[in-house]
Amino acid sequence: MNDEIIRDKEEIKPSKSFIEQFIIEDLKAGENNGAITTRFPPEPNGYLHIGHAKAICLNFGMALKYGGKCNLRFDDTNPIKEDVEYVDSIKEDIHWLGFDWKDREYYASDYFSNLFNFAVELIQKGLAYVDDQPADLISAQKGTPSQPGTESPYRDRMADLNIELFGRMNKGEFEEGSRVLRAKIDMTSPNMHMRDPIIYRIIKSPHHRTGTKWNVYPMYDFAHGQSDYFEGVTHSLCTLEFEVHRPLYDWFIDQLKTNDYRPRQIEFNRLNLTYTMMSKRKLLELVQEGKVRGWDDPRMPTLCGLRRRGYTPESIKRFVDLIGYTKVEAINDVSLLEHAVREDLNLRTPRVFGVLNPLKVIIKNYPEGKVEDVELINNPEDETMGKRLIPFSREVYIEQDDFMELPPHKFFRLAPGMEVRLKGAYIIKCEGFKKNASTGAIEEVYCTYDPETRSGGNISEKKVKGTLHWVSAQHAVDAEVRLYDRLFNHEDPAGSKCEDYRTLLNSDSLKVLTGCKVEPSLGSAKPLDKFQFQRLGYFCVDYDSTPEKLVFNRTVQLKDTWSKINK
Ligand code: ATP
Ligand code: MG
């Protein structure tokens with residue numbers, strides 16, 4: 001650790017988390033010769049979600065800030081649930097967030113031999129034994145937090161026999177569930193995890209990396225801490241539920257370590273979001289049952305879903321920064337996440353015109369066949385984004401709800417006899433409309449324009465209260481727009497006592513609008529391109545989009561409930 005980096009750290013804003021302070025303490029104390037090694041340890045049994053982003057930002061962020069390393073380690077100890085599809089998606093998502101593990105891509109399965117040998121060593125020391133009882137009996141004997149457990153009748157089996165049985169378990173001689181290997185610790189410990197935990201079980205499904213080499217697989221608790229140890233991880237940052245596992249991890253490391261080194265485990269609170277479910281198992285069910293269109297459905301809290309929805313890595317990292325790391329379980333308001341993406345997209349997206357529910361306006365005194373290019377600023381927040389020209393002509397589309405036949409007081413949009421400005425172009429006045437006799441729907445609106453009122457070079461002094469977005473009818477490009485609402489109606493679907501979380505799903509979470517009209521400059525937009533549709537929100541081009549038919553996802557509306565709450 002050089003002085004310069006330490007000095008830099010001391011100037012860091014007061015927002016340093018308790019974890020960062022521990023890391024600084026350790027650096028100052030010269031622990032691990034000044035090395036910092038963290039890791040992000042996903043189990044490849046699902047796609048990453050926004051909660052994982054919190055762990056990723058912390059592990060990679062601390063390593064980057066303090067000149068350390070962060071490993072990517074797949075905790076792949078359960079062949080039944082794991083798949084290379086998940087491995088690939090996890091790597092893609094971490095890269096998308098902007099982090100890189102270089103050549104340090106590790107797998108718990110790389111350590112299966114070391115773990116197996118360590119288990120044998122524990123048996124030899126009399127610290128592990130094969131239990132022939134079925135799982136339900138073992139779990140019944142565990143007792144309760146206030147009552148000690150009961151020792152297994154196999155607990156004092158001789159080491160030689162245990163070694164022989166463990167070897168035969170691994171050769172595939174016994175059925176799944178017929179035997180397990182347990183650590184011999186303390187059946188009376190107040191910590192239930194210390195009551196002779198199972199450390200190996202028989203599984204006969206092939207593993208996505210080791211194939212059929214093994215018939216016994218380590219439990220997560222037996223693999224996780226030791227994998228950190230094998231990799232020289234200095235700071236094992238994990239979520240609060242692992243706090244009670246720490247004594248067990250320490251116990252294993254005590255048996256394993258050969259010098260003073262041991263990973264320092266520090267726990268922090270999980271990210272939970274309102275109106276959101278974060279359990280990978282339940283997200284998988286939503287996908288499998290077709291409740292959503294896939295892992296990357298824009299309503300999902302997965303990173304690929306958020307990406308498709310139009311979220312940027314910067315907005316997710318900013319959100320994670322805002323919520324911080326504490327020791328208290330909490331549920332964060334999803335509107336804060338929306339606030340973060342709005343702030344980011346405000347700076348980076350060009351403003352464009354898109355009409356979601358078109359209503360045709362015919363400007364009767366505008367010459368037929370005439371087209372004028374009007375100039376518009378791409379982003380008032382960023383001059384360097386320049387200007388663009390969009391065509392104006394006799395027939396334009398406006399939003400249906402920007403016109404009312406019988407407007408209430410203070411309706412500053414279009415209505416019979418009223419004037420509005422078409423943004424960047426002219427002031428028009430409504431002279432009449434056509435109504436469908438049977439449905440009552442307004443089909444066309446007739447206006448006149450005042451040629452003296454064109455925006456730009458010849459700006460007229462005339463002022464009107466309303467300004468509308470619009471697109472020229474003959475130049476407009478057709479689009480489908482998908483509007484999203486929360487996936488769940490319940491503020492805390494995971495915490496609700498509801499028996500079936502599916503009943504909490506919001507049946508109106510997706511609304512598809514076809515027949516939308518967008519300005520011609522969007523004709524060449526590519527998937528994941530992002531825009532602000534003026535007055536409507538931020539939108540992102542979907543993967544389903546083609547040059548013939550553009551498809552947009554609405555990322556978020558313009559209205560910011562979060563900054564309102566905090567005013
Ligand atoms: P599982 O129930 O499958 O274990 P998991 O969400 O814990 O689900 P992992 O793949 O084990 O999934 O998670 C990888 C890492 O991400 C772990 O270190 C875990 O602590 C962290 N993590 C998972 N969910 C969250 C969350 N909601 N907030 C913060 N960190 C999380
Ligand atoms: Mg986990």
Side-chain angles (χ1 to χ4, degrees), residues 17 19 37-63 70-83 85-91 93-94 97 99 101 105-109 208 218-225 227-228 231 233 235-246 249 263-285 287 295 300-303 305-306 316-317 319-332 334 336-337 492-495:
S17 69
I19 301 171
T37 302
T38 57
R39 82 288 177 265
F40 173 63
E43 185 180 350
N45 61 355
Y47 282 63
L48 296 182
H49 54 56
I50 178 102
H52 294 114
K54 178 173 176 175
I56 293 171
C57 290
L58 177 65
N59 282 295
F60 283 95
M62 286 297 102
C70 179
N71 302 343
L72 170 60
R73 183 180 68 247
F74 291 99
D75 268 335
D76 54 349
T77 50
N78 185 353
I80 300 164
K81 293 188 179 162
E82 294 157 7
D83 199 279
E85 174 196 347
Y86 300 131
V87 169
D88 294 342
S89 75
I90 287 169
K91 292 199 279 188
D93 288 345
I94 300 173
L97 281 178
F99 298 111
W101 51 93
E105 176 179 329
Y106 302 133
Y107 292 80
S109 54
H208 71 109
M219 299 298 289
Y220 181 85
D221 273 352
F222 189 69
H224 186 76
S227 300
D228 281 350
E231 285 173 19
V233 167
H235 295 83
S236 297
L237 311 178
C238 59
T239 36
L240 284 175
E241 70 271 23
F242 291 103
E243 195 161 11
V244 286
H245 297 239
R246 194 181 340 136
Y249 296 171
R264 176 174 184 182
Q265 177 169 312
I266 308 170
E267 304 87 9
F268 61 93
N269 61 336
R270 281 181 101 83
L271 166 58
N272 301 299
L273 273 185
T274 54
Y275 301 101
T276 309
M277 192 90 86
M278 219 80 91
S279 146
K280 277 195 280 188
R281 185 177 59 79
K282 289 181 182 154
L283 295 178
L284 175 64
E285 282 169 5
V287 173
W295 281 101
M300 292 278 271
T302 49
L303 294 179
L306 290 166
I316 291 172
K317 290 192 265 194
F319 168 69
V320 167
D321 250 13
L322 286 170
I323 57 169
Y325 300 87
T326 73
K327 277 279 191 189
V328 189
E329 284 297 4
I331 174 159
N332 291 105
V334 70
L336 180 60
L337 176 64
D492 182 13

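Atoms within a ligand are numbered from 1 in the order they appear, just like the ligands themselves. Count residues from 1 along the sequence.
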Can you name the atoms of ligand 1, numbered from 1 with element, that are less than 4.0 Å from a heavy atom of Pro41? 14 (C), 18 (O)
Within the structure, does Cys238 bring an N/O atom to less than 3.5 angstrom of an N/O atom in ligand 1? no
Would you say the side chain of Leu303 lies within less than 4.5 Å of the side chain of Ile316, judging by non-hydrogen atoms? yes
Should we count NZ of Lys81 as having more than 12 external heavy atoms under 6.0 Å? no
Residue pair Lys327, Glu267: steps toward the salt bridge (Lys or Arg N to Asp or Glu O under 4.0 Å) verdict: CA-CA 7 Å; Lys327 277 279 191 189; Glu267 304 87 9; 2.9 Å; yes
Look only at interatomic distance and state if Arg270 has a nitrogen or oxygen under 3.5 Å from any nitrogen or oxygen of ligand 1. yes
So if I count the atoms of ligand 1 from 1 in the order they appear, which ones are less than 4.0 Å from some heavy atom of Thr239? 19 (C), 20 (O), 29 (C), 30 (N), 31 (C)
Could you label the plane-to-plane angle of the His52 and Phe40 rings as parallel, tilted or perpendicular, counting under 30° as parallel and over 60° as perpendicular? perpendicular
Would you call Glu231-Arg39 a salt bridge at under 4.0 Å N-O? no
Those atoms of ligand 1 less than 4.0 Å from some heavy atom in Ala55: 16 (O), 21 (C), 30 (N)
Return a yes/no value for Glu43: is any of its N or O atoms, backbone included, closer than 3.5 angstrom to an N or O of ligand 1? yes
May I ask you to list the atoms of ligand 1 that are less than 4.0 angstrom from any heavy atom of Lys280? 1 (P), 3 (O), 5 (P), 6 (O), 8 (O), 9 (P), 10 (O), 12 (O)
I need the atoms of ligand 1 closer than 4.0 Å to a non-hydrogen atom of Leu271, numbered in the order shown. 26 (C), 27 (N), 28 (N), 29 (C)
For the residue pair Glu43 / Tyr86, report whether a side-chain donor-acceptor contact shorter than 3.5 Å exists. no
Arg281 heavy atom under 4.0 Å from ligand 1: no
Under 3.5 Å: N/O of Phe242 near N/O of ligand 1: no
Side chain, backbone, both or neither: the part of Ser279 lying under 4.0 Å from ligand 1 by heavy atom: neither
Please state whether the rings of Tyr107 and Phe74 are parallel, tilted or perpendicular, taking 30° and 60° as the class boundaries. parallel
For ligand 1, which atoms have a heavy atom of Asn45 less than 4.0 angstrom away? 3 (O)
For Asn269 and ligand 1, does the shortest N/O to N/O distance drop below 3.5 Å? no
Does Tyr220 have a non-hydrogen atom less than 4.0 Å from ligand 1? no
Measuring from Ser236:OG to Phe242:CZ, what's the distance to the nearest 0.5 Å? 11.0 Å
Taking the side chain as everything from C-beta on, heavy atoms only, tell me whether Asn59 gets closer than 4.5 Å to His235. no
Pick whichever of Cys57, Gly51, Pro301 has a heavy atom sitting closest to atom 26 (C) of ligand 1. Gly51
Determine the interplanar angle of the His224 and Tyr220 rings, folded into 0 to 90°, and report it as parallel if under 30°, tilted if 30 to 60°, perpendicular if over 60°. parallel
